[in-house]
Asker: 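Once you've had a glance at the structure underneath, I'll fire off some questions.
The model shown is predicted, which means the values in this text are computed figures rather than measured ones.
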Amino acid sequence: MRLQASKLNFVVNFFLGVAWAFVLIGAVASFLSFYQINLLFAVVSAVMAALPGLLMVLILEHFITVQEQYAELKKQTDLLEKLAAQKEQDR
């Protein structure tokens with residue numbers, strides 16, 4: 001759990017766990033369904049079955065990264081405003 005505690009961040013982290021579960025379940029179920037036919041076909045089908053879950057993981061990780069960047073920029077803005085106010089007081 002990398003984000004700060006809030007309801008939205010809890011939901012995002014929950015869905016990130018769900019997305020990883022979809023990746024694992026999709027890949028394992030697909031592989032076990034097709035490994036008797038052909039091992040190469042089973043591996044390819046496992047990768048294809050994991051792709052939707054991986055796409056969800058990618059989107060959610062991007063959302064988390066954007067939230068972290070926003071929080072960092074907010075901190076930097078506060079610091080810069082304090083420095084600007086301090087500079088104005090020194091004049």
Side-chain angles (χ1 to χ4, degrees):
M1 195 137 115
R2 297 184 329 208
L3 295 175
Q4 301 299 323
S6 77
K7 291 179 183 179
L8 175 64
N9 296 334
F10 175 77
V11 171
V12 169
N13 284 314
F14 175 76
F15 282 134
L16 187 60
V18 169
W20 278 114
F22 278 138
V23 169
L24 182 65
I25 291 169
V28 170
S30 180
F31 181 81
L32 292 177
S33 295
F34 295 110
Y35 81 95
Q36 294 173 346
I37 298 171
N38 187 351
L39 187 61
L40 180 62
F41 183 67
V43 170
V44 170
S45 68
V47 170
M48 294 300 288
L51 284 178
L54 287 172
L55 182 63
M56 286 192 304
V57 168
L58 183 67
I59 291 168
L60 290 168
E61 285 289 339
H62 176 69
F63 181 78
I64 290 171
T65 303
V66 167
Q67 290 293 326
E68 288 174 347
Q69 286 176 346
Y70 176 71
E72 189 64 32
L73 286 173
K74 205 171 173 182
K75 289 178 191 175
Q76 288 177 5
T77 302
D78 289 342
L79 288 173
L80 286 173
E81 287 175 352
K82 287 178 184 177
L83 285 173
Q86 188 178 30
K87 188 175 180 181
E88 287 296 321
Q89 288 177 355
D90 290 343
R91 285 186 181 186

Asker: Please round to the nearest 0.5 Å and tell me the distance separating atom CZ of Phe63 and atom CG of Leu16.
Answerer: 11.5 Å
Asker: Does Val11 belong to the same Ile/Leu/Val/Met/Phe/Trp/Tyr cluster as Trp20, with side-chain heavy atoms less than 4.5 Å apart forming each link?
Answerer: yes
Asker: Tell me which pairs pass side-chain hydrogen bond (donor to acceptor under 3.5 Å, both in side chains) where either residue lies in residues 71-81, with sequence neighbours left out.
Answerer: none
Asker: Hey, any chance Leu24 and Leu32 share a hydrophobic cluster, counting ILVMFWY side chains that come within less than 4.5 Å of each other, even indirectly?
Answerer: yes
Asker: Do you know which two heavy atoms are closest between Phe34 and Ser45, and how far apart they sit?
Answerer: CD1-OG, 3.4 Å
Asker: Using 0.5 Å steps for rounding, measure from the OG atom of Ser30 to the CD1 atom of Ile25.
Answerer: 13.0 Å
Asker: Spell out, yes or no, whether Val47 and Leu55 are grouped together once hydrophobic residues are joined by side-chain heavy atoms under 4.5 Å, including indirect joins.
Answerer: no
Asker: Are Leu51 and Val44 co-members of a hydrophobic cluster defined by side-chain heavy atoms under 4.5 Å apart?
Answerer: yes
Asker: Return the set of residues passing side chain to side chain contact (heavy atoms under 4.5 Å, CB included) with Phe22 (not counting sequence neighbours), or none when no residue passes.
Answerer: Val18, Met56
Asker: Hey, what do you get for CZ (Phe41) to CZ (Phe31), rounding to the nearest 0.5 Å?
Answerer: 12.0 Å
Asker: Which heavy-atom pair separates Leu60 from Ala19 by the least distance, and what is that distance?
Answerer: CD1-CB, 4.4 Å
Asker: With a 4.5 Å cut-off on side-chain heavy-atom distances among I, L, V, M, F, W and Y, is there a chain of contacts connecting Phe14 to Leu54?
Answerer: yes
Asker: Among Ile59, Val57, Leu58, find the residue that satisfies the side chain to side chain contact (heavy atoms under 4.5 Å, CB included) test when tested with Glu61.
Answerer: Val57
